[in-house]
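Chain letters run A, B, ... following the sequence lines, proteins first, then strands; residues in each count from 1.
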There are 2 protein chains.
Amino acid sequence: MEATTTGELRHPAPEEIRLTDVLHALSDPIRLDLVRQLDACAGERTCGSFDLPIAKSTSTHHWRVLRESGLVVTREEGTKRYQRLRRAEIDARFPGLLDSVLAAS
Amino acid sequence: MEATTTGELRHPAPEEIRLTDVLHALSDPIRLDLVRQLDACAGERTCGSFDLPIAKSTSTHHWRVLRESGLVVTREEGTKRYQRLRRAEIDARFPGLLDSVLAAS
DNA sequence: CTGGTTGTACGATCGATAGCGAACAACGAG
DNA sequence: CTCGTTGTTCGCTATCGATCGTACAACCAG
């Protein structure tokens with residue numbers, strides 16, 4: 001229940017996703033850009049496939065914020081981490097929110 | 001152009017309203033609550049008509065963030081300040097955003 | 001004028017957060 | 001086994017942001 005069994009990543013359950021956390025995660029320009037790109041590719045991408053004007057360790061930080069807010073799910077495979085937008089869960093919990101945010105240029 | 005002629009309040013023009021600023025303003029529980037209440041009353045309300053678990057000076061801070069993000073417009077009358085939600089401008093600039101945020105319980 | 005109401009301004013505190021580099025861990029390919 | 005790749009973790013720094021209390025300014029009502 002509490003033990004993160006060796007490398008498990010914390011993801012909030014759909015009901016645990018909080019609106020303020022989601023809004024906060026989206027309020028950073030870098031993270032908003034990451035979410036946009038993730039949405040555009042409509043699938044999974046590794047952290048490294050985004051080229052960002054920030055250091056790797058900073059990128060790790062942003063992916064953690066996105067993951068813990070509930071916006072993104074991370075799957076580990078080998079040394080890589082694949083990120084996927086939790087479209088269905090977010091849309092179910094906050095209908096229209098992602099659509100309007102992503103539609104805004 | 002730059003001079004705040006004795007007590008003028010800064011409000012961004014509709015085109016100047018930035019998505020990240022709006023999302024950041026809405027990501028605080030207190031401000032989100034203020035926006036909800038403002039929307040519910042569908043008109044103007046003075047700062048003092050909200051009872052909040054925070055000090056007056058903190059309230060001033062939150063209204064400034066809301067105003068400078070473009071979410072709210074402040075009209076001065078006597079010693080009071082009337083706050084109004086900029087529904088039309090926000091809806092025009094970010095269609096569906098406020099609807100989805102306010103619809104989320 | 002006096003007092004009450006409304007809200008701002010200022011200064012301070014304190015936790016959160018974005019950013020970096022360096023070191024490390026895990027893995028795949030040679 | 002040895003690299004190179006991928007990404008984390010660990011300090012550390014600097015800034016931002018929410019909060020408060022006190023003092024002040026503007027106005028309205030008596």
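Checked by atom type and distance alone, the side chain of A:Arg93 pairs as donor or acceptor with a backbone atom of A:Glu15 at under 3.5 Å.
To the nearest angstrom, C1' of C:dT6 lies 6 Å from NZ of B:Lys56. Taking atom NE2 of residue B:His61 and atom P of nucleotide C:dT8, one finds them 12 Å apart after rounding to whole Å. D:dA18 atom P lies 12 Å from atom CG of B:Leu34, rounded to whole Å. For the pair A:Trp63 CH2 and C:dG19 P, the interatomic distance rounds to 14 Å; values are reported in whole Å. Rounding to whole angstrom units, NE2 of residue B:His24 and C1' of D:dG17 are separated by 7 Å. Atom-to-atom, CZ of A:Phe50 to P of D:dT6 comes out at 14 Å; the value is rounded to the nearest Å. Protein atom CZ of A:Arg31 is 12 Å distant from nucleotide atom C1' of C:dG19, rounded to whole Å. As rounded to whole Å, 10 Å separates atom C1' of C:dG7 from atom CD of B:Gln83.
The two residues B:Arg87 and B:Asp99 have their closest heavy-atom pair at NH1-OD1, 3.0 Å.
Distances shown here put a side-chain N or O of B:His62 below 4.0 Å from the OP1 or OP2 atom of D:dT19. Not one side-chain nitrogen or oxygen of B:Arg81 sits closer than 4.0 Å to the OP1 or OP2 atom of C:dT6.
When distances run from any side-chain atom of B:Ile54 to the nucleotides D:dG7, D:dT5, D:dC20, the shortest one goes to D:dC20. Relative to the side chain of B:Thr79, the nucleotides C:dT6, C:dG19, C:dC20 differ in distance, and C:dT6 lies closest.
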Pair A:Arg67, A:Thr74 - check side-chain hydrogen bond (donor to acceptor under 3.5 Å, both in side chains), show working. CA-CA 7 Å; A:Arg67 174 163 26 85; A:Thr74 304; 3.3 Å; yes
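Cluster annotation: B:Phe50 is not connected to B:Val65 through the hydrophobic network of ILVMFWY side chains, with a link wherever side-chain heavy atoms come within less than 4.5 Å.
Remark: B:Arg45 is not positioned above the aromatic ring of B:Tyr82, lacking an NZ or CZ atom under 6.0 angstrom from the ring centre and at most 45 degrees off the axis.
Among the protein residues, A:Thr46 comes within range of the sugar-phosphate backbone only, with heavy atoms under 4.0 Å from sugar or phosphate atoms but none that close to a base.
Both A:Ala55 and B:Ser49 sit near DNA chain C, but only B:Ser49 has its closest nucleotide nearer the 5' end.
Contact annotation: side chain of A:Ser57 to base of C:dG21, donor-acceptor pair present below 3.5 Å.
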